[in-house]
Amino acid sequence: GTMMDNRFATALVIACVLSLISTIYMAASIGTDFWYEYHTLSPAENVSEAGRSIWEEFVSKDADEKTYTDALFRCNGTVGLWRRCITVPKNSHWYSPPETDTTTNCISFSLSDQFVEKYIEPGNHNSGTDLNRTYLWRLQFLLPFVSIGLMCFGALIGLCACACRSLYPAIATGVLHFLAGLCTLGLVGCYVAGIELLHRKLPLPEDVRGEFGWSFCLACVSAPLQFMAAALFIWAARTNRKEFTLLKAYRVA
């Protein structure tokens, strides 16, 4: 029996470690602003004059999607799930070279921003609601929390399982991790689709390059870790149950 027990213990420890790493990755990716990055290849000389006004429009309460996306294009913007950031010259004096001193300024999406309708033509509210983009955006905001919630719930069940010295709850923990993995995959899919659709509406200017950033990559890595943890939890519980049944039959005989 001990040989088997060691194998389960090892599988469960590895599963817990994977689960912990994926939770940390998810939390980090939700909390950081590098889901998508724009690189403005020719830094505009006119940014110093326009910098003030771009910045004021970018932070204003009624900055619509088109306004802030244009600012992201022009000023090496980065976007997270919660915030958007642009890099602007520190002082907008005409006599200072614009490249010298830049500062990155961020503004958070408010809760109402997260649920606001997206329009078919970004920035033009007469063009009607773009349902696809509206719901993709809402999902990409909600899914990471569902994913983390499921994993924390799984961890609680796992702790109870340790306390009761039973492996049955490990199956539940595994299933919850599997669902969390599906949510994370869904989040990644929604984000990619949302960015694609946005760029169809607002194509990138010639001199701007866009790419997914490291926050996005953390979420991508988190999903397979969740699936691996799920597989290990479920494997350990099922194999152990079989062993246990065999052992009982042997004792009775």
Side-chain angles (χ1 to χ4, degrees), residues 7-36 79-83 108-116 131-195 212-242:
R7 268 172 54 195
F8 298 132
T10 313
L12 288 174
V13 167
I14 295 173
C16 292
V17 170
L18 290 176
S19 168
L20 184 66
I21 295 173
S22 66
T23 308
I24 293 169
Y25 279 8
M26 274 308 289
S29 90
I30 294 176
T32 50
D33 310 320
F34 297 91
W35 277 71
Y36 203 84
V79 195
L81 296 182
W82 278 94
R83 301 203 306 172
S108 297
F109 292 108
S110 65
L111 256 180
S112 57
D113 283 343
Q114 299 285 14
F115 288 99
V116 78
L131 283 178
N132 286 347
R133 288 180 44 244
T134 303
Y135 284 102
L136 283 171
W137 187 280
R138 290 175 187 177
L139 280 171
Q140 84 187 24
F141 161 69
L142 293 169
L143 282 173
F145 294 109
V146 178
S147 175
I148 283 192
L150 286 168
M151 290 207 301
C152 294
F153 191 49
L156 275 177
I157 293 180
L159 286 174
C160 301
C162 289
C164 316
R165 304 206 155 197
S166 143
L167 264 179
Y168 290 103
I171 288 190
T173 304
V175 170
L176 287 171
H177 275 73
F178 181 73
L179 294 173
L182 287 179
C183 287
T184 308
L185 269 188
L187 156 71
V188 168
C190 287
Y191 195 82
V192 172
I195 286 280
F212 292 100
W214 55 266
S215 308
F216 173 81
C217 296
L218 283 180
C220 291
V221 173
S222 189
L225 292 177
Q226 289 164 330
F227 287 129
M228 281 151 66
L232 283 168
F233 279 127
I234 292 169
W235 174 84
R238 288 195 47 132
T239 326
N240 196 29
R241 186 180 282 184
K242 272 194 200 132

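Just the heavy atoms: all of them, side chains too, but no hydrogens, waters or symmetry mates, feed the values below. Start at 1 with the first residue, then count along the sequence. Keep in mind it's a predicted model, so treat the numbers as computed, not measured.
- The side-chain hydrogen bond (donor to acceptor under 3.5 Å, both in side chains) check on T184 picks up S147, Q226, with sequence neighbours excluded.
- Enclosure of atom CZ in F109 by more than 12 non-hydrogen atoms of other residues, nucleotides or ligands within 6.0 angstrom is indicated.
- The nearest pair of heavy atoms linking P144 to L139 is CD-O, 4.2 Å.
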- Step by step, work out the side chain to side chain contact (heavy atoms under 4.5 Å, CB included) result for I30 and I148. CA-CA 10 Å; I30 294 176; I148 283 192; 3.9 Å; yes
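- Put simply, the side chain of L176 does not reach to within 4.5 Å of the side chain of F233, judged on heavy atoms.
- Considering every non-hydrogen atom in both A180 and L150, the closest pair reads N-CD1, 3.6 Å.
- Judged purely by atom type and a 3.5 angstrom limit, Q114 has no side-chain atom pairing as donor or acceptor with the backbone of L142.
- Judged by a 6.0 Å distance limit and a 45° cone about the ring axis, R138 is not positioned over the six-membered ring of F141.
- In F145, the CZ atom is crowded: over 12 heavy atoms of neighbouring residues, nucleotides or ligands sit closer than 6.0 Å.
- Checked against side-chain hydrogen bond (donor to acceptor under 3.5 Å, both in side chains), W35 has no partners two or more places apart in sequence or in another chain.
- Residues forming a side-chain contact (heavy atoms from CB on, under 4.5 Å) with C220 (at least two apart in sequence, or on another chain): V188, F216.
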Donor-acceptor contacts under 3.5 Å from residues 17-29 side chains, at least two apart:
{"from": "S19", "atom 1": "OG", "to": "H177", "atom 2": "NE2", "distance (Å)": "2.7"}
{"from": "S22", "atom 1": "OG", "to": "L18", "atom 2": "O", "distance (Å)": "3.3"}
{"from": "S22", "atom 1": "OG", "to": "S19", "atom 2": "O", "distance (Å)": "2.9"}
{"from": "T23", "atom 1": "OG1", "to": "S19", "atom 2": "O", "distance (Å)": "2.7"}
{"from": "S29", "atom 1": "OG", "to": "M26", "atom 2": "O", "distance (Å)": "3.2"}

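- Interatomic distance, I195 CD1 to R133 CZ, rounded to the nearest 0.5 Å: 10.0 Å.
- Annotation: F212, atom CZ; neighbour count of heavy atoms from other residues, nucleotides and ligands within 6.0 Å is above 12.
- The structure places OG of S222 at 8.0 Å from CG of L218, a figure rounded to the nearest 0.5 Å.
- Considering CG of L111 and CH2 of W82, their distance stands at 5.0 Å, rounded to 0.5 Å.
- Distance check, rounded to the nearest 0.5 Å: CZ of F115 to OG1 of T134 gives 12.0 Å.
- For I171, the side-chain contact (heavy atoms from CB on, under 4.5 Å) partners at least two apart in sequence or on another chain are V175, A237, R238, R241.
- V146 approaches C183 most closely through the heavy-atom pair CG1-SG, 3.7 Å.
- Taken from CZ in F178 to CG in L182, the straight-line distance is 4.5 Å, to the nearest 0.5 Å.
- Here the CG atom belonging to L136 is positioned 10.5 Å from the CG atom belonging to L131, to the nearest 0.5 angstrom.
- With sequence neighbours left out, the side-chain hydrogen bond (donor to acceptor under 3.5 Å, both in side chains) criterion links S108 to no other residue.
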- Start with the C-alpha distance between Y191 and V79, add both sets of side-chain angles, then the distance that settles side chain to side chain contact (heavy atoms under 4.5 Å, CB included), and finish with yes or no. CA-CA 11 Å; Y191 195 82; V79 195; 4.1 Å; yes
